[in-house]
Amino acid sequence: MHAVRVDKLRDELRKHKMDCAILVPGPNLRYFTGLHMKLSQRITLAFFPVEGEPALLLPLLEWPQAEKALKTQAKLYTYRDEEGPDRASAHLMRDLKLQGRPLAVEFHQMRILELRHIEKHASGCRIAGVDDAIHSLRMIKDASEIKDLRKAIELTEMLLKNTIAAIQPGMSEREVASTFQLELLKTASDGVSFTPIVASGPNSASPHYQPGDRTLQRGDLVTLDCGALWKGYPGDITRTVAIGDIDPELEQIHEIVKEANAAGRDACKPGVAAQEVDRAARRVIEEAGYGEFFVHRTGHGLGLEVHEPPYIMEGNAQELQPGMTFTVEPGVYLPGKGGVRIEDNMLITSTGAETLTRFPQELIRL
């Protein structure tokens, strides 16, 4: 599987007249090699030449893990802390003959540290971005990726259900978020997809609010946006619950957002432009008179990054294709009063779309 991905990357490099792609630890490195590494003060670089075997520059202390986890054929060049990476890098880049060549790097992931290091040892190289080419490959999920996404979503729904069952008036937003994370620790997941969002009362009018010390009160709407990771793939689900009786306008908004969510999901089909899904969801909210309060895009791709292409937004004419996975998450946010968001995870199939999430969308009353 990983060898096939590397071959497709080489095809993209040839298409763009680039001789080698150079990746840093992160989602792209994991996608092509299976290595789950994080950026650190020690330089790690993976090289994927159009011709020849890939190569990996890494600290010697990372070698045992890399050799065990690597799912792509690659020659390893290691260095010790006391000597630094220069000697190994010079050797690697001479072997690959990268001096003066067109090289493709990750503009969204690579630091100046790695870029200057490459320029130092591949003198005269010409640097371009590889991000768009890689995203075009990663947007179409294979069967193993879809399986892992399904598991992540299943875990997320179980944890969300348990968290909602534990909610009581008087709990703080932080306590609710901690409940989700404590429940997650009981599972075999990789961790959270992102820090859970728990926004209560007027705070729910802020889409990316971070949990604070406010306590949940009767009459509150509470937005819960959370996700669990499985083998690097994320669930990402949002539901809004009510603590007792709530303002009738907030109840009405919940119904409008639920209709907008359904309209967006119904618009998901192969060949449909991503912006048409946004338009379908947004139209429902605009016709109900709340268009100015839907302040973000309708969705984003899901994969090794919790936010990645395709972006479901106005201006994105990219056609949806089988294997694409993304969120549909319309919302309405009334400043000072409260907000609602309902988020589901979608898979484009050969004949239409599948809603991967199964969690009820009706307003949950506590």
Side-chain angles (χ1 to χ4, degrees), residues 1 4-5 8-9 11-12 15 27-28 31 108 130-154 156 193 207 225 227 230 232-238 257-287 291 294-331 341-359 361:
M1 176 179 67
V4 170
R5 293 174 182 175
K8 289 181 178 179
L9 174 60
D11 289 342
E12 288 293 320
K15 189 188 306 181
N28 290 330
Y31 182 77
H108 292 171
V130 75
D131 304 78
D132 289 346
I134 291 179
H135 281 143
S136 70
L137 300 178
R138 283 180 45 195
M139 271 193 291
I140 308 300
K141 306 302 188 288
D142 60 35
S144 67
E145 292 180 285
I146 293 169
K147 180 181 177 181
D148 290 338
L149 275 167
R150 289 185 190 277
K151 180 64 175 179
I153 293 163
E154 177 185 322
T156 301
S193 306
D225 187 345
W230 182 260
Y233 289 85
D236 185 5
I237 302 171
T238 307
V257 171
K258 187 171 76 168
E259 290 177 21
N261 174 286
R265 289 185 293 114
D266 286 346
C268 295
K269 294 178 179 61
V272 170
Q275 66 184 0
E276 293 301 329
V277 177
D278 180 271
R279 290 171 181 175
R282 198 169 300 275
R283 189 178 303 116
V284 173
I285 293 172
E286 289 174 344
E287 290 177 354
F294 182 9
V295 295
H296 55 73
R297 63 195 175 204
T298 291
H300 56 81
L302 280 177
L304 285 170
E305 294 171 278
V306 74
H307 292 94
E308 63 178 44
Y311 295 108
I312 310 302
M313 59 186 289
E314 180 63 37
N316 185 6
Q318 182 173 33
E319 292 185 357
L320 301 178
Q321 301 175 49
M324 287 184 173
T325 51
F326 53 87
T327 67
V328 170
E329 49 179 304
R341 182 167 64 257
I342 299 174
E343 177 181 21
D344 286 295
N345 303 160
M346 306 299 297
L347 165 67
I348 297 297
T349 67
S350 59
T351 58
E354 179 185 351
T355 302
L356 299 176
T357 34
R358 297 287 185 266
F359 206 91
Q361 294 186 331

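Remember, predicted model here, so these are calculated numbers, not experimental data.
Side-chain atoms of Glu329 never come within 3.5 Å of backbone atoms of Gly299 as a donor-acceptor pair (strictly under, hydrogens ignored). In this structure, Asp278 contributes its side chain and Thr298 its backbone to a donor-acceptor pair below 3.5 Å. Between the side chain of Asp131 and the backbone N or O of His108, at least one donor-acceptor pair lies under 3.5 Å. Between the side chain of Thr327 and the main chain of His300, a donor-acceptor pair closer than 3.5 Å is present. At distances below 3.5 Å, at least one donor-acceptor pair connects side-chain atoms of Asn261 with backbone N or O atoms of Ile342.
Taking every heavy atom of both residues into account, Glu276 and Val272 meet most closely at CB-CG1, 3.6 Å. Summarising the geometry of Pro322 relative to Ser350, their closest heavy-atom pair is CG-CA, 3.9 Å, with the distance given to 0.1 Å. Summarising the geometry of Gly291 relative to Glu286, their closest heavy-atom pair is CA-CG, 3.8 Å, with the distance given to 0.1 Å. The nearest pair of heavy atoms linking Ala317 to Ala273 is O-CB, 3.7 Å. Minimum interatomic distance between Phe294 and Ile285 (heavy atoms only, all atoms of both residues): CD2-CD1, 3.6 Å. In plain terms, the two heavy atoms of Pro234 and Gly303 that are nearest each other are CD-O, 2.7 Å.
In this structure, CD on Gln321 lies 9.5 Å from OG on Ser136, to the nearest 0.5 angstrom. Taking NZ of Lys141 as the reference point, atom CG of Leu302 lies at 7.5 Å (rounded to 0.5 Å). Put simply, OG1 on Thr355 and CZ on Arg265 are 4.0 Å apart, with the number rounded to the nearest 0.5 Å. Interatomic distance, Met313 CE to Arg282 CZ, rounded to the nearest 0.5 Å: 9.0 Å. Here the CD1-CG distance, from Ile237 to Asp344, works out to 7.5 Å after rounding to the nearest 0.5 Å.
Side chains of Ile134 and Leu9 form a contact here, defined as non-hydrogen atoms less than 4.5 Å apart. Put simply, the side chain of Arg341 reaches to within 4.5 Å of the side chain of His296, judged on heavy atoms. With contacts defined as side-chain heavy-atom distances shorter than 4.5 Å, the pair Phe326/Leu320 qualifies. When side chains are defined from C-beta on, Met1 counts as touching Arg5, because their heavy atoms get closer than 4.5 Å. Within the 4.5 Å cutoff, no side-chain heavy atoms of Asn28 are placed close to those of Val130.
Between Lys15 and Glu12, at least one side-chain nitrogen of the basic residue sits less than 4.0 Å from a carboxylate oxygen of the acidic one, meeting the salt-bridge criterion. Ion pairing between a basic and an acidic side chain is recognised when a charged N comes within 4.0 Å of a carboxylate O; Arg138 and Glu305 show such pairing.
The local environment of CG in Asp132 is sparse, with at most 12 non-hydrogen atoms from other residues, nucleotides or ligands closer than 6.0 Å. Within a 6.0 Å sphere centred on NZ of Lys258, other residues, nucleotides and ligands contribute more than 12 heavy atoms.
Glu259 pairs by the side-chain contact (heavy atoms from CB on, under 4.5 Å) definition with Val284, not counting sequence neighbours. Considering only residues two or more places apart in sequence or on other chains, Glu354 meets the side-chain contact (heavy atoms from CB on, under 4.5 Å) condition with Arg150, Leu347, Thr349, Leu356, Arg358.
Considering Ile153, Thr156, Asp148, Leu149 as possible partners of Trp230, the one that fulfils the side chain to side chain contact (heavy atoms under 4.5 Å, CB included) test is Asp148.
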